[in-house]
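Data block below; observations after.
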Protein chains: 2
Amino acid sequence: MTNAEKAKVYQEVLEHIRLFIEEHRLSPGDRLPSERDLSEELNASRSSIREALRAIELLGLIETKHGEGTFLKNYRPYHTVSLLSTFILNETRTKNELFEVKMLLEQNAAKLAMEHIDQTSITRLKEIVTEQHSRNNRHFHFFKTLFRLCDNDLLLKIWQLIEEFSRTVDIAEYHKEAYLELIEGIQDKDNQKIQYIIGQLYHL
Amino acid sequence: MTNAEKAKVYQEVLEHIRLFIEEHRLSPGDRLPSERDLSEELNASRSSIREALRAIELLGLIETKHGEGTFLKNYRPYHTVSLLSTFILNETRTKNELFEVKMLLEQNAAKLAMEHIDQTSITRLKEIVTEQHSRNNRHFHFFKTLFRLCDNDLLLKIWQLIEEFSRTVDIAEYHKEAYLELIEGIQDKDNQKIQYIIGQLYHL
DNA sequence: GTTCAAGAATGGTCTGACCACTGGATATTC
DNA sequence: GAATATCCAGTGGTCAGACCATTCTTGAAC
């Protein structure tokens, strides 16, 4: 036997759960079978079931309520992965990959948003940049709004995921002026300028 | 009692492990205490210890070797991204979103690759386009090679996941000529042309 | 109808057992 | 002495069963 790659029980359980969700078309808020039921159905011990459930709970995909059950959760980045911060992410290679992807996604968003932009959105963006309370979160709010304009939920989710990871390394906040210039670029539909400004943020 | 927020044992274990790693300055490859030792030291059952370990194993932070022990792993975000994606991608998602993101990623890759390209890679790309056996898989092979040139595993992983998922919807294969033109664009470092060609593939 | 107590279902945790794999110590053979 | 085979302690993998804490339902008592 060269490399049988025998999967652990909890990994198989994970796959079963994934399929279960798919087959039954479960939506966030819906209840999963109880640990005991899963145990019986999958022919695995309750401990193994729990190992699997705990793992995806940590990922933020499910939620357990004592005495009630296990529920599918509306996945939101920014719940769990702060764990990673002290764990690692110190490797420069990892950091660079993260920031590069983040920058690319933001460039993509800006370009797409440029095509959908209207005066109301421009105003909203300007507000976000100048609002006081978003001082420590300007970048996040600004781009979240921008991504929303793109009308592509998948793109938004990917970005949020990457953004979350990035935070465990470094919180990126830049000068107000850059964002205002960016808005100008979007308003003028000047793609070159947009790409350049975002590139500059990341000093690449 | 308003909101006691009693943490589960496995979450406390997680925190202990995190601290342990920090205090002992563990690096990837180093070994963690055995499950039984942790159990005794933290005054928790082995099951609880395992729930915690399985969770961060799934995250990709550690690696367990049967009979040997548990080891700290060199963490790469794409591991987690790929995990989450199997769930995220299954959430309601339109074909358009999927293909738009795919296109954007491919545009990103082409642009990045443009900056790293050399003669050998050009030749390799041309081969892929003209090879017979990759006829039904040209797009995938071509872009996979292109993404590799970008030297960003995270970006590659994201694209691969989306590409795979796209296949369940529709298989995209285009005319040989488009790829050859794309190679030309990359060779000439003509970004506008690159973006245009890829955009055309997706008729946007 | 309202209230309250009992009970069923469910997650949370622990104990202890046994198996399978690994690596080093020890014994055996040459 | 060197190579090999064997054994064994340590470790992860899995399981069965127990008990507790919480929640919700059910039905009896009022």
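Computed from a predicted structure; not experimentally measured. Letters A, B, ... mirror the listed sequences (proteins, then strands); counts begin at 1.
- A straight line from CD of B/Glu57 to C1' of D/dT14 spans 14 Å, rounded to a whole angstrom.
- Residue ring and base: A/His66 does not count as stacked with C/dG12 (centre distance below 5.5 Å and interplanar angle below 30° not both satisfied).
- Across the protein-nucleic acid pair, A/Lys65 atom NZ and C/dA9 atom C1' stand 16 Å apart, rounded to whole Å.
- Taking 4.0 angstrom as the limit, A/Thr64 places none of its side-chain polar atoms (N or O) nearer than this to OP1 or OP2 of C/dT10.
- DNA chain D is contacted by both A/Arg36 and A/Gly67; A/Arg36 maps to the nucleotide lying nearer its 5′ end (nearest heavy atom per residue).
- Atoms CD1 and CD, from B/Ile162 and B/Glu97 in turn, are 10.5 Å apart once rounded to the nearest 0.5 Å.
- Of the residues in residues 46-54 of chain A, those lying under 4.0 Å from DNA chain C by heavy-atom distance are A/Arg46, A/Arg50, A/Arg54.
- Toward the 5' end of DNA chain C, the nearer of the two residues A/Glu35 and B/Glu68, judged by each one's closest nucleotide, is A/Glu35.
- The distance between atom CD1 of B/Ile62 and atom P of D/dT11, rounded to the nearest whole Å, is 15 Å.
- When each of C/dG11, D/dT14, D/dT11 is scored by its nearest atom to the side-chain atoms of B/Arg31, the top-ranked nucleotide is D/dT11.
- Using a 4.0 Å cut-off between charged side-chain N and carboxylate O, B/Lys8 and B/Glu12 make no salt bridge.
- Residues passing the ring-ring contact (aromatic ring centres under 6.0 Å, His included) test with A/His16, sequence neighbours excluded: none.
- Note: A/His139 and A/Phe143 meet the aromatic proximity criterion, with ring centroids under 6.0 Å apart.
- Atom CD of A/Glu40 is separated from atom P of D/dA16 by 11 Å (rounded to the nearest Å).
- Look at CG on A/Leu42: it is 13 Å from P on D/dT14, rounded to the nearest Å.
- Rounded to a whole Å, the CD atom of B/Glu12 is 12 Å from the C1' atom of C/dT13.
- For B/Glu164 and B/Arg167, the salt-bridge test fails: no basic side-chain N is under 4.0 Å from an acidic carboxylate O.
- In this structure, CD of B/Gln11 is placed 12 Å from C1' of C/dG12, rounded to the nearest angstrom.
- Comment: B/Lys111 does not engage B/Glu115 in a salt bridge, judged by the lack of any side-chain N to carboxylate O separation of less than 4.0 angstrom.
- The nearest whole Å value for the distance from the CD atom in B/Glu63 to the P atom in D/dG13 is 11 Å.
- Taking a cutoff of 4.0 Å between a charged side-chain nitrogen and a carboxylate oxygen, A/Arg46 and A/Glu35 qualify as a salt bridge.
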